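Everything below concerns the one structure shown next.
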Amino acid sequence: MASPMKQALLIVDVQPSFSPPAELVGDIAALAALMPSVATVERHDESVTPFERQLGWKPGPADDSLVLADRIFVKHGYLPPPEAIAHLRSLGTQRVLVCGIQADTCVLAAGFALFDAGLHPTLIPWLCIGSSLDRSGELGARLWRHHFGAVLTHPDELMIG
């Protein structure tokens, strides 16, 4: 029998500012308990990223992740911080499963950072919601498929243990 694929989970911005459904939080938490996990949390700092000045909106200044992960990294803006990418690289994974909030913005930005680092980003669309532009997350999944190819279609594809 082949050994399971070495993979990690990146949880993008599952935090109070984005009002994620409780079921989504629970499902992501259950998956995070099964593999190495990293979460990002968007915190507002106008001197770093001009959300309020440019977009008229801002995330909370002190949100915490609603999902307990092995490591949590604070970010200011769309991309995960370089320290999160470095940590994921240090795990020696074959792919990074990605889920979370704003599939067409922050989740997609995480995909670019992971792809550029050679980390084989793979989207878990049933554990994502989109931005206000497309709350369903379908736009984000289409963009992900176009840029990175790897979009799972069923939980059986998670290849856990």
Side-chain angles (χ1 to χ4, degrees), residues 1-45 48-49 51 59-131 137 140-141 144 147-161:
M1 181 161 87
S3 61
M5 178 181 285
K6 187 162 174 70
Q7 54 192 357
L9 179 65
L10 175 58
I11 305 155
V12 179
D13 302 352
V14 178
Q15 63 189 78
S17 287
F18 301 118
S19 304
E23 183 178 3
L24 178 74
V25 174
D27 290 348
I28 293 172
L31 183 58
L34 301 175
M35 66 184 64
S37 59
V38 169
T40 62
V41 177
E42 174 67 41
R43 289 198 184 147
H44 182 248
D45 182 342
V48 178
T49 305
F51 277 113
D63 272 5
D64 288 317
S65 177
L66 294 172
V67 175
L68 182 61
D70 297 329
R71 295 284 307 269
I72 297 175
F73 293 89
V74 172
K75 67 187 187 83
H76 300 285
Y78 293 105
L79 290 172
E83 299 81 11
I85 300 301
H87 175 71
L88 287 163
R89 286 192 72 149
S90 76
L91 297 175
T93 61
Q94 292 171 284
R95 73 176 179 182
V96 177
L97 301 171
V98 183
C99 61
I101 307 298
Q102 301 198 37
D104 47 329
T105 57
C106 292
V107 171
L108 188 65
F112 283 110
L114 294 166
F115 187 84
D116 286 353
L119 290 170
H120 305 281
T122 302
L123 186 67
I124 308 172
W126 62 89
L127 295 180
C128 291
I129 56 176
S131 69
W144 190 284
H147 291 291
F148 316 119
V151 176
L152 301 183
T153 59
H154 191 273
D156 291 343
E157 295 175 281
L158 290 170
M159 298 163 72
I160 300 171

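Only a predicted model underlies this, so the values are computations on that prediction, with no experimental measurement involved.
Gln94 places no side-chain N or O within donor-acceptor distance of the main-chain N or O of Gln7, the cut-off being under 3.5 Å. Asp63 places no side-chain N or O within 3.5 Å of a backbone atom of Val41 that could act as its donor or acceptor partner. At least one donor-acceptor pair closer than 3.5 Å links the side chain of Ser17 to the backbone N or O of Gly60.
Inter-residue side-chain proximity for Ser37 and Asp70 is flagged as met; some heavy-atom pair is nearer than 4.5 Å. Residues Leu97 and Leu127 fail the side-chain proximity criterion, which asks for heavy atoms closer than 4.5 Å. Inter-residue side-chain proximity for Gln102 and Asp13 is flagged as unmet; no heavy-atom pair is nearer than 4.5 Å. A heavy-atom distance below 4.5 Å is found between the side chains of Leu66 and Pro16. When side chains are defined from C-beta on, Ile101 does not count as touching Gln15, because their heavy atoms never get closer than 4.5 Å. For the pair Thr93/Leu88, no side-chain contact is recorded, criterion being any heavy-atom separation below 4.5 Å from C-beta on. With a 4.5 Å cut-off on side-chain heavy atoms, Ile11 and Cys99 count as touching. Residues Leu9 and Ile124 form a side-chain contact, since some pair of their non-hydrogen atoms from C-beta on lies under 4.5 Å apart.
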Original post:
Leu119 and Arg89: side chain to side chain contact (heavy atoms under 4.5 Å, CB included), yes or no, with the steps?
Top reply: CA-CA 7 Å; Leu119 290 170; Arg89 286 192 72 149; 3.7 Å; yes

**OP:** Could you walk me through whether Cys106 and Lys75 pass side chain to side chain contact (heavy atoms under 4.5 Å, CB included), step by step?
**Re:** CA-CA 11 Å; Cys106 292; Lys75 67 187 187 83; 3.5 Å; yes

Subject >> Test side chain to side chain contact (heavy atoms under 4.5 Å, CB included) applied to Leu31 and Ile160, step by step >> reply: CA-CA 9 Å; Leu31 183 58; Ile160 300 171; 3.3 Å; yes

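When all heavy atoms of His76 and Val48 are compared, the pair lying nearest together is CB-CG1, 3.6 Å. Across all their heavy atoms, Ala150 and Trp144 have their closest contact at O-NE1, 3.0 Å. The two atoms that bring Ile129 and Pro20 nearest to each other are CD1-CA, 4.5 Å, heavy atoms only. When all heavy atoms of Val14 and Gly100 are compared, the closest pair comes out as CG2-CA, 3.9 Å. Minimum heavy-atom separation, Ala141 to Leu123: CA-CD2, 3.7 Å. A pairwise comparison of heavy atoms in Val98 and Pro121 identifies CG2-CB, 4.5 Å as the closest pair.
At a threshold of 4.0 Å, the pair Asp64-Arg43 counts as salt-bridged, since one of the basic side-chain nitrogens sits closer than that to a carboxylate oxygen.
Below 30°, between 30° and 60°, or above 60°: for Phe112 and Phe148 the angle between ring planes is above 60°, a perpendicular geometry. In this structure, Tyr78 and Phe51 have perpendicular ring planes: the angle between them is above 60°, well past the 30° mark.
The 12-atom threshold is exceeded at CG of Leu34, counting heavy atoms of other residues, nucleotides or ligands nearer than 6.0 Å.
Here the OG1 atom belonging to Thr122 is positioned 11.5 Å from the CG atom belonging to Leu10, to the nearest 0.5 angstrom. Atom CZ of Arg95 and atom CG of Leu152 lie 5.0 Å apart (nearest 0.5 Å).
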